[in-house]
Amino acid sequence: MAGDAAKAAEVVLLMGPPGAGKGTQATRVAVARGLTKLSTGDMLRAHVGAGTELGKRAKAIMDAGDLVPDDVIVGMVRAEVEAAERIRFLFDGFPRTAAQAAALDALLADQGAAVTAAVSLDVPDDELVRRVLQRAEVEGRSDDNEATIRNRMVVYHEQTKPLLDYYDAQDKLATVDGVGSMDTVTERIHEALA
Ligand code: AMP
């Protein structure tokens, strides 16, 4: 039944290096598929903006382009997942480490769910730097400067990219060409998830 299908658990991970367009695409895909978008970067920025203790600790780490500790990130995600009526999420920028991926699996298993698909947005490095510096001008994010972005790329390659193999080994990985108009890339993601 359509009603039952609409309620089925679905967990999509939008992965890719900084500047790949995860945030924009995550919003579009989440709306279209009726998923709740959870961006750990947005959650952290909300803490920074509100001046919470967590925000104060996270700001220096984010400004350096390093990763916020796994227990902090997993704690934030756990609170959202456990409070949700239905397990229908699109994660943007999470998981970023093997420990986070394992914690997510355990968290979802507790709810009788699992990751449905991991979409990797593929964009060449030189295009990424160009995009991030352009975003810095438009949004004024304090972690969008050249030194930080370079470190974020290194962190991505060392800690997050290996997760693609983890999801590929489970036949859950879809690699999508992230170069093209926003609409084109959105369409490719929908096709990959169809
Ligand atoms: P984003 O908006 O996803 O690019 O995240 C901005 C910054 O927030 C990152 O460079 C990290 O410092 C931090 N951050 C966001 N998500 C995570 C995560 N899953 N694990 C660790 N740090 C994160």
Side-chain angles (χ1 to χ4, degrees), residues 1-18 20-50 52-55 57-58 61-62 67-121 155-156 159-176 186 188-194:
M1 267 193 302
D4 289 340
K7 283 187 191 134
E10 183 173 328
V11 179
V12 175
L13 314 179
L14 201 51
M15 310 188 63
K22 292 188 299 291
T24 308
Q25 295 298 339
T27 302
R28 292 175 155 216
V29 173
V31 169
R33 297 184 74 85
L35 301 172
T36 300
K37 172 184 156 177
L38 276 191
S39 157
T40 44
D42 285 350
M43 290 157 86
L44 290 168
R45 280 184 287 278
H47 275 281
V48 172
T52 67
E53 275 312 308
L54 194 161
R57 275 195 291 145
I61 298 172
M62 295 168 77
L67 294 183
V68 172
D70 290 332
D71 58 336
V72 173
I73 298 290
V74 171
M76 288 193 323
V77 170
R78 174 177 290 119
E80 296 287 338
V81 170
E82 290 182 351
E85 255 169 57
R86 291 183 298 156
I87 304 297
R88 292 189 55 78
F89 290 109
L90 187 147
F91 286 103
D92 161 20
F94 173 86
R96 265 175 153 100
T97 65
Q100 291 179 19
L104 176 62
D105 284 349
L107 198 58
L108 293 175
D110 279 349
Q111 310 287 326
V115 169
T116 314
V119 176
S120 166
L121 281 183
V155 168
Y156 173 76
Q159 309 221 42
T160 307
K161 208 168 171 217
L163 294 184
L164 301 183
D165 293 335
Y166 177 73
Y167 294 111
D168 194 25
Q170 300 172 51
D171 273 335
K172 291 180 176 175
L173 180 70
T175 300
V176 168
T186 306
R188 288 181 193 142
I189 297 172
H190 284 309
E191 279 169 20
L193 292 172

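No experiment lies behind these values; they were computed from the predicted model shown.
Rounding to the nearest 0.5 angstrom, the gap separating the NZ atom in K37 from the CG atom in D42 is 5.0 Å. Taking CD from Q25 and NE2 from H190, the interatomic distance works out to 8.5 Å, rounded to the nearest 0.5 Å. Within the model, atoms OG1 of T97 and CD1 of I73 stand 9.0 Å from one another, a figure rounded to the nearest 0.5 Å. Atom CG of D70 and atom CD of Q159 lie 8.0 Å apart (nearest 0.5 Å). Remark: E80 CD to L38 CG distance equals 5.0 Å, nearest 0.5 Å. Here the straight-line distance linking atom CZ of F94 with atom OG1 of T160 works out to 11.0 Å at 0.5 Å rounding.
Smallest separation of non-hydrogen atoms from G23 and D92: CA-OD2, 3.5 Å. Between E10 and R33 the shortest heavy-atom distance is OE2-NE, 2.6 Å. Taking all atoms of both residues into account, the shortest heavy-atom contact from I87 to A113 is CG2-CB, 3.8 Å. In terms of heavy-atom proximity, L108 sits nearest to A114 at CD1-C, 3.8 Å. Between V176 and R188 the shortest heavy-atom distance is CG1-CB, 3.6 Å. Here the closest heavy-atom approach between residue A30 and residue L90 is recorded as N-CD1, 3.9 Å.
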_Does E82 form a side chain to side chain contact (heavy atoms under 4.5 Å, CB included) with L107? I'd like the steps, not just the answer._
CA-CA 8 Å; E82 290 182 351; L107 198 58; 4.2 Å; yes
*asked:* Show, in sequence, the C-alpha distance, side-chain angles and deciding distance for Q100 and V74, and conclude whether the side chain to side chain contact (heavy atoms under 4.5 Å, CB included) test is met.
replied: CA-CA 7 Å; Q100 291 179 19; V74 171; 4.3 Å; yes
*Could you go step by step and tell me if M62 and R45 meet the side chain to side chain contact (heavy atoms under 4.5 Å, CB included) rule?*
CA-CA 9 Å; M62 295 168 77; R45 280 184 287 278; 3.8 Å; yes
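In terms of modelled atom types and a separation under 3.5 Å, the side chain of R88 and the main chain of A8 share a donor-acceptor contact.
Each of V77, V12, T40 was scored for a side chain to side chain contact (heavy atoms under 4.5 Å, CB included) with F91, with one residue passing: V77.
Environment of NZ in K172: crowded, with over 12 heavy atoms of neighbouring residues, nucleotides or ligands closer than 6.0 Å.
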